[in-house]
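Small disclaimer: the values here were computed from a predicted structure and weren't measured.
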Amino acid sequence: MRFEDILTNDSVLDGLYDMHFDECTPIQEAAIPVIMEGRDLLACAQTGTGKTAAYLLPVINELVEGGYPEDQVNCVVMAPTRELAQQIDRQLQGFAYFMPISGCAVYGGTDGYGYEQQRKSLKAGADVVIATPGRLLAHLSMGYVDLSKVSFFILDEADRMLDMGFADDILQIISRMPKERQTLLFSATMPPKIQDLAKKILRDPVEIKLAVSKPAEKIDQKAYICYETQKLPILKSLFKAERPNRAIIFSSSKLKVKQLAHELKGNCYKVAEMHSDLEQTKRDDVILDFKAGKINVIVATDILSRGIDIDDIEIVINYDVPRDPEDYIHRIGRTARADRDGKAVTFVSELDFGKLHRIEKMMEREVPQAKVPEEFGAVPDINKKVYNNKEKSSKRRPGGKSGGWRKKKNK
């Protein structure tokens with residue numbers, strides 16, 4: 001379906017034409033007509049499917065058509081991280097370039113000047129406010145933000161926000177809004193806590209579920225079964241065989257990110273690290289340098305698994321297997337975007353066999369095993385179940401099976 005078939009405002013369509021946006025993605029085709037009808041929406045769609053445009057475009061269309069109060073906040077978009085808030089703001093500026101739509105991004109980690117700019121925009125009543133929950137609450141507590149005229153409330157990556165403990169903050173913010181509003185909830189997963197939140201804040205919503213928990217088909221996935229001490233040598237051998245122009249390496253902790261980045265810098269790679277200890281200005285610089293090609297490799301925590309809009313990332317490496325299978329989908333979803341090819345490599349140590357099994361179960365497919373070069377020595381046996389301390393102390397269910405592990409493959 002084409003955008004001209006479902007959007008009504010000529011200025012919006014002109015902007016899309018200049019941006020070479022013609023055909024809708026599946027989530028856009030399904031969501032935009034529902035939003036244009038004024039219905040509440042509960043949408044489940046993974047990152048990289050075009051969901052930001054799916055909610056921004058119809059909202060912009062409606063605001064441009066008129067009938068909404070001037071100098072008031074008419075739309076609030078909630079995002080879990082500063083990076084995602086910035087990305088949504090950039091897309092808003094692009095879509096609304098030819099239209100008198102004002103917007104502001106509200107998030108923490110800024111200096112005094114940044115905070116003051118946020119205060120002025122909120123006080124003046126930006127049409128669209130894109131905010132992280134904590135920082136918006138901070139501004140609300142000062143008494144100069146009026147949300148009583150909000151017509152559109154959008155929760156993006158709602159599952160991530162609940163995982164980060166923002167449920168109470170979200171409900172506090174909603175309490176400042178009118179009950180007669182249109183609420184749109186977008187989530188990559190649909191666990192019970194999302195369904196509970198939807199019941200509290202949505203009115204007779206339309207439900208859309210698309211491509212839940214499935215990575216893009218063009219991602220070439222591989223797993224290296226190895227010991228912890230073998231990960232770095234294997235990584236270096238991969239980079240030696242094919243030096244990447246753009247790669248992201250995900251690790252489980254800030255300390256490991258720092259150590260790994262330091263090790264790779266010592267091998268003459270253009271490397272930067274990304275984690276919550278960095279100030280926002282430094283994070284912004286890293287992303288800009290990455291886009292400009294001044295940095296080839298980013299070593300990051302899961303802070304970067306969502307909210308980075310770069311289409312030509314060649315390879316994603318899971319130096320550590322993520323605890324949550326959904327995080328695996330979001331991590332590797334950084335590559336093979338915009339219908340490009342991409343690679344995803346995961347290092348699986350002996351204590352991570354269970355995590356890999358849960359990932360494969362969720363995807364309903366196995367991650368092919370890559371052969372570890374013999375020069376790095378023997379590797380763990382994936383047929384042998386290894387327990388961590390928590391699993392070891394738990395009681396086995398009566399009559400339960402301990403198996404379920406597939407035969408080892410070498411490719």
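Aromatic ring orientation, Phe3 versus Phe21: tilted (interplanar angle from 30° to 60°).
Between Asp159 and Lys193 there is no salt bridge, since none of the side-chain N atoms of the basic residue sits less than 4.0 Å from a carboxylate O of the acidic one. The residues Asp220 and Lys343 are annotated as not salt-bridged, no charged nitrogen and carboxylate oxygen being separated by less than 4.0 angstrom. Under the 4.0 Å criterion applied to side-chain N and carboxylate O atoms, Glu116 and Arg119 are assigned as salt-bridge partners. Between Glu364 and Lys361, no side-chain nitrogen of the basic residue sits less than 4.0 Å from a carboxylate oxygen of the acidic one, so the salt-bridge criterion is not met. We find that Arg176 and Asp146 are not joined by a salt bridge, their nearest charged nitrogen and carboxylate oxygen being 4.0 Å or further apart. Between Glu273 and Lys282 no salt bridge is recorded (no basic side-chain N to carboxylate O distance below 4.0 Å).
By the neighbour-count criterion of 12 heavy atoms within 6.0 Å, atom NZ of Lys149 is sparsely surrounded, having that number or fewer from other residues, nucleotides or ligands.
Under the ring pair (Phe, Tyr, Trp, His ring centres under 6.0 Å) criterion, the residue pairs touching residues 242-287 are Phe239-Tyr269, with sequence neighbours excluded. For residues 61-70, the side chain to side chain donor-acceptor pair (under 3.5 Å) pairs, not counting sequence neighbours, are Thr8-Asn61, Asn9-Glu65.
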- request: Please step through side chain to side chain contact (heavy atoms under 4.5 Å, CB included) for the pair Val206 and Asp40, ending with a clear verdict.
  value: CA-CA 6 Å; Val206 175; Asp40 282 8; over 6 Å; no

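Looking at Val59, Leu184, Val128, Asp89 one by one, the single match for side-chain contact (heavy atoms from CB on, under 4.5 Å) with Val77 turns out to be Val128. Checked against Tyr328 for a side chain to side chain donor-acceptor pair (under 3.5 Å), the options Lys355, Arg358, Gln221, Arg323 give a single hit: Gln221.
Asn318 and Arg331 share a donor-acceptor pair across their side chains, judged by distance under 3.5 Å alone.
Atom CG in Leu84 sits 11.0 Å away from atom CE in Met78 (nearest 0.5 Å). Atom OG of Ser252 and atom CG of Asp327 lie 12.0 Å apart (nearest 0.5 Å).
A heavy-atom distance below 4.5 Å is found between the side chains of Met161 and Pro133. Ile88 places a side-chain heavy atom less than 4.5 Å from the side chain of Asp156.
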